[in-house]
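Only one structure is covered here, and it is reproduced in the block below.
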Amino acid sequence: MQKHLFWLLVGTVVPLAMTSPATASPLWRRPHAPFVQAQARPEREARAVIRDLAKAQYQANQARAFPQSDAELLRLADRYLTLAQQHQQNGRYFQARETAKAATRLYEAARNLGEARSGQVLDGLSRSYYDAPFQVSRELLRTEAEMSIFRSNDATITALVNQARQLARPINPGATATPTIADLAQNRAAVQLLKASRHLMQAERGF
């Protein structure tokens, strides 16, 4: 009888001892990946906000280095850069990033308008200038669709889209005429205004 009890205990205890800590008790389990990611996400978002704010500040300096930059757009960009910094301080990182991106686009648009008016480009014509006349129609359609779907009624966003619509000078792919610096810069300004509008809509709705 004692021998039978001994082997019964051995048959019960040995499998338990051989069980790995990860399966024996929840206390031994490592944190699930989503939990670890959730902890790291705010830190990543905070670093991303710093980068986006730095980009906006860089474009602010670039725009102010060009005397012909549009003063009204510069003031609007400054306003949104300040708002982005306030979002950052309050921990609203998504709104901070999108608002900072909008400010960046507005600073670029301000400089592009100055370039269009003067016929001179601050840092030379990059590919984005040559692409702008072919992109502006698509950007306008996309922005108008987004405004309609999400029913954005923000007066500033509407004004930016209207300004972009007035500035747009699209070029057909088969066109043979060579666009001027003013044409390229003006279309690029329109593209930047439309992208800024979408960033503002994203900040407004939170996604």
Side-chain angles (χ1 to χ4, degrees), residues 45-89 92-140 142-143 154 156-171 178-204:
E45 290 178 348
R47 290 195 295 269
V49 170
I50 293 173
R51 289 194 298 270
D52 288 326
L53 287 172
K55 290 177 183 177
Q57 189 58 62
Y58 172 79
Q59 290 299 334
N61 296 337
Q62 290 289 95
R64 287 194 165 80
F66 197 71
Q68 291 85 2
S69 291
D70 188 84
E72 185 175 351
L73 284 179
L74 282 178
R75 287 192 294 269
L76 184 61
D78 287 341
R79 194 180 92 192
Y80 281 117
L81 179 55
T82 300
L83 180 59
Q85 292 167 340
Q86 292 172 354
H87 284 318
Q88 179 198 33
Q89 292 168 3
R92 296 191 292 267
Y93 295 136
F94 180 83
Q95 285 80 2
R97 291 198 67 188
E98 293 303 316
T99 307
K101 290 176 182 178
T104 298
R105 299 295 184 179
L106 291 172
Y107 284 125
E108 290 193 63
R111 190 186 77 240
N112 291 153
L113 278 184
E115 292 169 340
R117 292 165 184 165
S118 65
Q120 298 177 341
V121 177
L122 181 63
D123 290 324
L125 292 171
S126 64
R127 180 174 177 176
S128 62
Y129 284 84
Y130 292 103
D131 289 343
F134 304 99
Q135 292 178 339
V136 67
S137 295
R138 183 172 66 250
E139 293 288 344
L140 182 58
R142 178 181 174 184
T143 306
D154 185 276
T156 301
I157 293 174
T158 301
L160 291 174
V161 174
N162 287 337
Q163 185 177 4
R165 190 181 292 111
Q166 294 170 358
L167 291 171
R169 297 289 184 272
I171 298 177
T178 302
T180 64
I181 290 177
D183 293 330
L184 297 175
Q186 184 169 317
N187 277 297
R188 192 177 189 278
V191 170
Q192 300 306 312
L193 291 177
L194 293 168
K195 290 182 177 181
S197 299
R198 294 202 298 272
H199 285 305
L200 292 176
M201 283 190 277
Q202 287 179 283
E204 181 183 38

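All values below come from the heavy atoms of this structure, side chains included, with hydrogens, waters and symmetry mates left out. Small disclaimer: the values here were computed from a predicted structure and weren't measured. Throughout, numbering of the chain's residues begins at 1 and tracks the sequence.
Side-chain atoms of V49 and H87, non-hydrogen and from C-beta on, never get closer than 4.5 Å to each other. No side-chain heavy atom of I181 sits less than 4.5 Å from a side-chain heavy atom of Q120.
A donor atom on one side chain and an acceptor atom on the other are found under 3.5 Å apart for N112 and Y129. No side-chain donor from either of D131 and S128 sits under 3.5 Å from a side-chain acceptor of the other.
The distance from the CZ atom of R47 to the OH atom of Y93 is 11.0 Å, given to the nearest 0.5 Å. Atom OG1 of residue T99 and atom CG of residue L83 lie 5.0 Å apart, to the nearest 0.5 angstrom. Note that the CD atom of Q135 and the CD1 atom of I171 stand 12.0 Å from one another [nearest 0.5 Å]. The CD atom of Q163 sits 5.0 Å away from atom CG of L73, with the distance rounded to the nearest 0.5 Å. For the atom pair CD (Q202) and CZ (R97), the distance works out to 10.5 Å, reported to the nearest 0.5 Å.
Few gaps surround CZ on F134; more than 12 heavy atoms of other groups in view lie less than 6.0 Å from it.
Applying the salt bridge (charged side-chain N to carboxylate O under 4.0 Å, His left out) rule to D78 yields the partners R64; only residues at least two apart in sequence or on another chain are considered.
Between L167 and L193 the shortest heavy-atom distance is CD1-CD1, 3.8 Å. Minimum heavy-atom separation, P133 to R169: CB-O, 4.3 Å.
Pairs of residues two or more places apart, or lying in two chains, that qualify as salt bridge (Lys or Arg N to Asp or Glu O under 4.0 Å) and include a residue from residues 105-120 are D70-R117, E108-R188, R111-E115.
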